[in-house]
There are 2 protein chains.
Amino acid sequence: MAVTFREVKADILLKITQGVWPPGDLIPNEVDLAESYGCARATVNRAVQELADDGIVERRRKAGTRVRMAPVRQARFNIPIVRQEIEDRGAVYRYTLVNRELRTAPDWLGKQLKIPPEGRVLHLACVHYADATPFQFEDRWINLDVLPEASEADFTNTGPNEWLVATIPFSDVEISFLATQADTALAQHLGCTARDALFQTERITWWQGRAITYVRLTYQPGHKMTTRY
Amino acid sequence: MAVTFREVKADILLKITQGVWPPGDLIPNEVDLAESYGCARATVNRAVQELADDGIVERRRKAGTRVRMAPVRQARFNIPIVRQEIEDRGAVYRYTLVNRELRTAPDWLGKQLKIPPEGRVLHLACVHYADATPFQFEDRWINLDVLPEASEADFTNTGPNEWLVATIPFSDVEISFLATQADTALAQHLGCTARDALFQTERITWWQGRAITYVRLTYQPGHKMTTRY
DNA sequence: CAGTGGTCTAGACCACTGA
DNA sequence: CAGTGGTCTAGACCACTGT
């Protein structure tokens with residue numbers, strides 16, 4: 001094994017960061033690169049492929065490979081399970097179920113999840129604590145047309161998230177991040193002041209084309225979600 | 001070309017989602033899979049490799065490939081350039097520089113960027129408009145120890161982001177998402193009410209181990225950042 | 001139509017690590 | 001130490017898409 005694709009990737013990246021191949025520039029084609037590195041084209045291909053995945057370069061057949069004008073445009077966030085997030089901070093995780101109701105889907109939910117009118121849903125409200133402090137409020141809706149078992153499940157000790165993760169093997173997710181103002185209910189659950197600015201994530205989870213669940217997670221004031229790329 | 005790696009990947013994923021290979025299970029090794037799909041091992045390798053990248057399975061030499069108990073939760077967000085974000089919405093982009101000052105780094109900034117005391121920085125405040133409405137407020141600090149050219153640059157017509165992108169070829173970034181309450185200055189710049197909940201991102205950009213810039217981007221009320229995974 | 005990336009193959013050797 | 005994934009090679013054909 002002469003030259004690894006990692007070495008090739010690193011060297012190309014170096015040439016880009018050092019301005020040998022500035023943004024917007026065309027870099028040599030795979031055959032030429034392979035020759036200059038003394039390796040097979042497949043090795044170069046993998047290296048450049050990864051650079052494309054990373055958003056560093058842009059590739060088009062016949063047109064060649066170009067260094068992107070705006071190099072990095074993507075960040076990867078880990079979406080933690082609440083329990084883990086709390087335990088990672090060295091705190092004790094505690095969970096309480098605040099409310100549970102079986103009902104028909106409200107209009108706004110029906111539209112988002114494409115539930116027919118009169119579709120039954122399970123609505124849960126929970127608080128996740130880090131030690132004694134409220135850490136996150138969970139407002140969860142589960143589509144009973146798709147997951148009727150949910151109405152039998154006992155959520156007094158286990159959070160719906162962990163139950164769902166164990167029940168659904170794999171899924172498509174649409175996730176949003178936003179800011180919201182605490183209303184009185186939220187303020188009470190999170191032990192903060194009404195009108196506080198709160199970080200919130202919304203998630204819709206699909207399985208085999210059908211919406212399973214909608215959840216809105218609201219964090220305690222001051223929460224920050226961080227990553228590097 | 002008999003079987004593509006996409007087909008293999010899709011079929012394996014199907015077997016996982018349909019419970020043929022439930023979470024925690026060991027799936028067949030690459031040689032067996034290649035035989036059963038009637039393709040080369042490299043094809044299977046690429047398929048399973050991607051499933052591992054996607055967090056669906058976990059691979060270890062000798063131990064084999066295992067379906068993850070809880071599929072890893074990762075979301076990829078596009079980090080848009082403001083101009084593009086606005087133009088993608090079909091609005092006209094407009095930019096104004098609100099303030100510009102040369103000064104020594106305040107303590108909190110010095111700590112975050114590891115700037116020595118008395119280090120010089122350029123502090124900029126800008127508003128990015130979508131049509132006539134304020135879309136985003138940019139609070140930007142540039143480390144002049146690393147980028148002295150910034151003090152010469154003219155930011156009256158071009159935003160610092162675009163200037164930086166054109167100047168720095170590639171970089172490491174630490175990014176955070178959070179919620180903040182509008183103070184009077186923010187409210188004025190964004191045309192909203194004080195105490196509104198605003199979505200905010202913070203970014204620190206590093207190049208070759210040195211901090212170049214810190215920026216805090218505050219969005220208009222109601223802004224939502226969305227992705228699928 | 002011709003140049004470039006996209007992918008597959010068949011075979012090989014290596015690197016890690018569980019039994 | 002033996003089984004599994006990790007990677008490279010040399011060659012081939014295909015699929016796009018600019019010119």
Side-chain angles (χ1 to χ4, degrees), chain A residues 1-16 20-71 73-74, chain B residues 1-16 20-69 71-72 74 76:
Chain A
M1 182 183 317
V3 180
T4 71
F5 78 93
R6 287 169 203 285
E7 288 166 345
V8 174
K9 183 179 177 184
D11 188 74
I12 294 175
L13 197 50
L14 199 68
K15 288 216 172 63
I16 293 174
V20 181
W21 295 325
D25 229 40
L26 212 53
I27 76 176
N29 70 38
E30 295 191 348
V31 178
D32 292 350
L33 284 173
E35 193 181 354
S36 75
Y37 287 115
C39 67
R41 180 164 79 97
T43 305
V44 169
N45 180 274
R46 175 146 187 206
V48 183
Q49 188 78 256
E50 287 199 1
L51 288 172
D53 285 347
D54 295 345
I56 312 294
V57 300
E58 199 169 11
R59 323 193 72 189
R60 260 154 61 215
R61 284 161 151 134
K62 164 78 181 178
T65 301
R66 218 169 258 292
V67 180
R68 272 191 194 276
M69 297 302 291
R73 332 173 348 266
Q74 292 199 329
Chain B
M1 182 184 317
V3 179
T4 72
F5 79 92
R6 286 168 205 286
E7 289 168 344
V8 174
K9 183 180 176 183
D11 187 74
I12 294 175
L13 197 48
L14 199 68
K15 288 216 170 65
I16 292 173
V20 181
W21 296 324
D25 230 40
L26 213 53
I27 76 175
N29 69 38
E30 295 191 349
V31 178
D32 292 350
L33 285 173
E35 193 181 354
S36 74
Y37 288 115
C39 68
R41 179 163 81 96
T43 304
V44 169
N45 180 274
R46 174 148 186 204
V48 183
Q49 189 80 255
E50 287 200 2
L51 288 172
D53 285 347
D54 294 347
I56 312 297
V57 299
E58 200 169 10
R59 321 193 72 188
R60 261 153 61 215
R61 285 163 153 134
K62 164 77 181 180
T65 300
R66 220 168 256 292
V67 181
R68 273 192 194 275
M69 296 302 289
V72 158
Q74 273 196 343
R76 276 186 116 147

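Owing to the predicted nature of the structure, the values given are computational and were not obtained by experimental measurement. No hydrogens, no waters, no symmetry mates; every other heavy atom, side chains included, goes into these values. Order of the sequence lines sets the chain letters (A, B, ...), proteins ahead of strands, with each chain counted from 1.
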Would B:D54 and B:L13 satisfy side-chain contact (heavy atoms from CB on, under 4.5 Å), going step by step from the backbone distance to the final call? CA-CA 11 Å; B:D54 294 347; B:L13 197 48; over 6 Å; no
Nucleotide [N], atom [atom2] - distance to [atom1] of [X] in whole Å:
X	N	atom1	atom2	answer
B:E58	C:dC16	CD	P	18 Å
A:R59	D:dG18	CZ	P	15 Å
A:D32	C:dG5	CG	C1'	13 Å
B:L33	C:dT9	CG	P	14 Å
B:N29	D:dG6	CG	C1'	14 Å
B:L26	D:dT4	CG	C1'	10 Å
B:E35	C:dT9	CD	C1'	16 Å
A:E7	D:dG6	CD	C1'	15 Å

Record whether the side chain of B:R41 comes under 3.5 Å of the base of D:dT4 through a donor-acceptor pair of N or O atoms. no
Locate the shortest heavy-atom distance separating B:C39 from B:V8; write the atom from each residue and the value. SG-CG2, 4.4 Å
For B:D32 against B:P28, the heavy-atom pair lying closest together: CB-CB, 4.2 Å
So, using side chain to side chain contact (heavy atoms under 4.5 Å, CB included) as the criterion, who are the partners of A:D53 when residues are at least two apart? none
Taking side chain to side chain contact (heavy atoms under 4.5 Å, CB included) as the definition, give me every residue that meets it alongside A:A52, ordered by chain and number, with sequence neighbours left out. A:V57, A:R59
Sequence neighbours excluded, the answer for side-chain hydrogen bond (donor to acceptor under 3.5 Å, both in side chains) partners of B:T43 is none
Could I get the full list of side-chain hydrogen bond (donor to acceptor under 3.5 Å, both in side chains) partners for B:D11, not counting sequence neighbours?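 side-chain hydrogen bond (donor to acceptor under 3.5 Å, both in side chains) check on B:D11 returns B:K15, B:Y37.
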If you take any heavy atom closer than 4.0 Å to DNA chain C, which residues from residues 43-52 of chain A end up in contact? A:N45, A:Q49
Any side-chain N or O of [X] under 4.0 Å from OP1/OP2 of [N]?
X	N	answer
B:R61	C:dG18	no
A:R60	C:dG6	no
B:T65	D:dG5	yes

Given DNA chain D, 5'-ward residue of the pair B:E30 and A:K62, judged by closest heavy atom: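 Residue closer to the 5' terminus by nearest nucleotide: B:E30.
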Both A:A63 and B:A42 contact DNA chain D. Taking the nearest nucleotide for each, which residue is further toward the 5' end?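 So the residue in question is B:A42.
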Could you summarise the pairing of DNA chain D as dot-bracket text, marking Watson-Crick and G-U pairs under 3.5 Å with ( ) or [ ] inside the strand and | across strands? ||||||||||||||||||.
Of the options C:dA10, D:dC8, D:dC16, whose atoms approach the side-chain atoms of A:T4 most closely? D:dC8
Out of C:dG6, D:dC16, D:dC8, minimum distance to the side chain of A:F5 belongs to D:dC8
If we only count heavy atoms from C-beta on, is the B:P22 to B:V67 side-chain gap below 4.5 Å?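 No, every pair of side-chain atoms sits at 4.5 Å or beyond.
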Going through the distances and angles, do B:L51 and B:I12 end up as a side-chain contact (heavy atoms from CB on, under 4.5 Å)? CA-CA 9 Å; B:L51 288 172; B:I12 294 175; 3.5 Å; yes
Over all strands shown, is A:R66 touching base, sugar-phosphate only, or nothing at heavy-atom distances under 4.0 angstrom?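 Contact class for A:R66: none.
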Does the side-chain contact (heavy atoms from CB on, under 4.5 Å) test come out yes or no for B:I16 and B:I56, once each step is laid out? CA-CA 9 Å; B:I16 292 173; B:I56 312 297; 3.9 Å; yes
